[in-house]
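Naming convention: chains lettered A, B, ... in sequence-line order (proteins, then strands); numbering from 1 in each chain.
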Amino acid sequence: MKEYFIQHAKDYVGKTVTLKGWAYSFRKGGKIWFLQLRDGTGVMQCVVTKFDADEASFELKNVITQETSVMVTGVIKEEPRSPGGYEILASKVEVVAIAEEYPISKKEHGIDFLMNNRHLWLRSKRQHAIIRIRHTIIKAIRDYFDDRDFTLLDTPIFQQAATEGTATLFETDYFGEKAYLTQSGQLYGEAGAAAFGKIYCFGPTFRAEKSSTRRHLTEFWMVEPEMAYCDLDMDMDVAEDLVFYIVSQVLEHRRSELETLERDISKLEAVQSPFPRISYTDAVKILQENGVEFEWGDDFGGGDETIISNQFPSPVMVHRYPSAIKAFYMKRDPENEKQAMALDMLAPEGYGEIIGGSQREDDIDALISRIKADGATEEDYSWYLDLRRYGSFPHSGFGLGVERVVSWICGLKHIRETIPFPRTISRLNP
RNA sequence: UCCGGAGUAGCUCAGCGGUAGAGCGAGUGACUGUUAAUCACCAGGUCGGGAGUUCAAAUCUCUCCUCCGGAGCCA
């Protein structure tokens, strides 16, 4: 049996079709009633009159409630008076299940109420638009790597050792042993780069940070490419190219969703490659010129990132951070030991860091001494060190946080709306 | 963890020592072009929990809980 979806309504003009969905809203009259039918792909106005529909269908106006599941059969026609430009003149309306009084109305609600009803809130226009843009962003990421000879390498979620510092690990019991939820697939990605040349991993990531801010989730999605025979400049080339591609795909395929969100699209259209690349040292100068008391060696706070990113319409890449504030696996700058071959990409409009990456340390002795300096042992990282023992190679990669990108592209005030069921420090349900 | 704000009807809020309120939503009725419809009628409450002050507490005090905003923390 053929299925019909509201987003393809223009292909159905003049045809009799059956639409299946839920009652989004309605207006009831004495001899006519209007039903806005939502089917997940769009909203269609259904017109039910005493003359065109059978009596049983017409009388359903007395029992139908918001979010009642219904099937409507009728002819699709163009209609300027309809919100979507098309409507269906119903010959038959069938109720599948009457909905109880729906808690989410079209008026204002507080964020706590909406988050408690997240499973229902997803049905509303705005959330629908965000999740569809998220989908397009994720598809763009996958297409980007798949089309450029990267191999997908799925990395484990249960891990034995930390990648990004032990303070933010979620600990779990693994048959009597301690295991941790992954903070990053990177170390495994490096093994993959030695096997396949160019790989990416893409999956959920967990950070037990006690951060309660508009840009932190405890569970978020990250894509991490890792590339053999790739230095920091090449790494930045890929990061820039990927983000530019994501933005262009959203602009091409999700314009109406951006409009639903009232996103200033000109800000996205202003994103142009090449993206600016500045060193950490230059970034410090920008801060100082803007009156911020900042010393070389400190890490940027949220406000600092905003000042830096506001200098540019495109995302800006800051490279060569002080090695002291960066992870053990990052290669030192051959020209300055105090700097790591690291890069962060900061999104425009104050959305902060969307990418963090680096050229990796390929010298085994340097790695071992830093592992020890962090209080860990060679044993803890024995398989990782094997990657340097058996054909060490220059390589680089980065991680892109999907929700930060969704938040920026959608122009959201808070990251909690970027994922269907957000996990934050204060929310585990629904 | 710190600072600030808030918990009153299904929802959003007003009331701030003296009879528990409004708008929206729900319900009932009218309407053949509605877009957050309009109009009329109507139901709806352990004022976050506990303790205290007072003749009297939604209102003042203490305490706990929850949420929100910011800071810190955080590739």
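Among the nucleotides B:C68, B:U35, B:G27, the one closest to any side-chain atom of A:Thr65 is B:G27. Listed nucleotides: B:C67, B:G27, B:U34. Nearest to the side chain of A:Ser426: B:C67.
B:U19 and B:A58 have their C1' atoms separated by 14 Å, with the value rounded to a whole Å. The same atom, C1', is picked in B:G52 and in B:U66; the two are 23 Å apart, to the nearest Å. Taking the C1' atoms as reference points, B:A57 lies 10 Å from B:G18, given to the whole Å.
With a cut-off of 3.5 Å on both Watson-Crick or G-U wobble distances, the partner of B:A71 is given as B:U1. B:C39: Watson-Crick or G-U partner is B:G29, with both key distances under 3.5 Å. Shown here, B:C24 forms a base pair with B:G10; the pair counts as Watson-Crick or G-U wobble because both key distances fall under 3.5 Å. Applying the Watson-Crick and G-U wobble criteria (two distances, each under 3.5 Å), B:U19 pairs with nothing in any strand.
Note that NZ of A:Lys20 and CD of A:Glu94 are 9.5 Å apart. Values are rounded to the nearest 0.5 Å.
Taking 4.0 angstrom as the limit, A:Arg416 places none of its side-chain polar atoms (N or O) nearer than this to OP1 or OP2 of B:C67.
Annotation: of the two residues near RNA chain B, A:Ile354 and A:Thr49, the 5′-most nearest-nucleotide partner is A:Thr49. For A:Gly110 and A:Ile32, each mapped to the nucleotide of RNA chain B holding its nearest heavy atom, the one lying further toward the 5' end belongs to A:Gly110.
Within residues 88-105 of chain A, the residues having any heavy atom under 4.0 Å from RNA chain B are, by residue number, A:Glu101.
Put simply, the side chain of A:Arg142 never gets that close to the backbone of A:Ala140: no donor and acceptor are under 3.5 Å apart. With hydrogens and angles ignored, the 3.5 Å screen pairs no side-chain donor or acceptor of A:Ser309 with any backbone N or O of A:Leu346.
The minimum heavy-atom distance between A:Ser57 and A:Val48, with the atom names listed, is O-CG1, 4.4 Å.
Judged by atom type and distance alone, A:Gln45 reaches the base of B:U34 through a side-chain donor-acceptor pair under 3.5 Å.
Ring orientation note: the planes of A:Tyr200 and A:Phe145 are close to parallel, at an angle under 30° on the 30°/60° scale.
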Which pairs, protein N/O on one side and nucleotides 40-49 of chain B N/O on the other, fall under 3.5 Å?
none

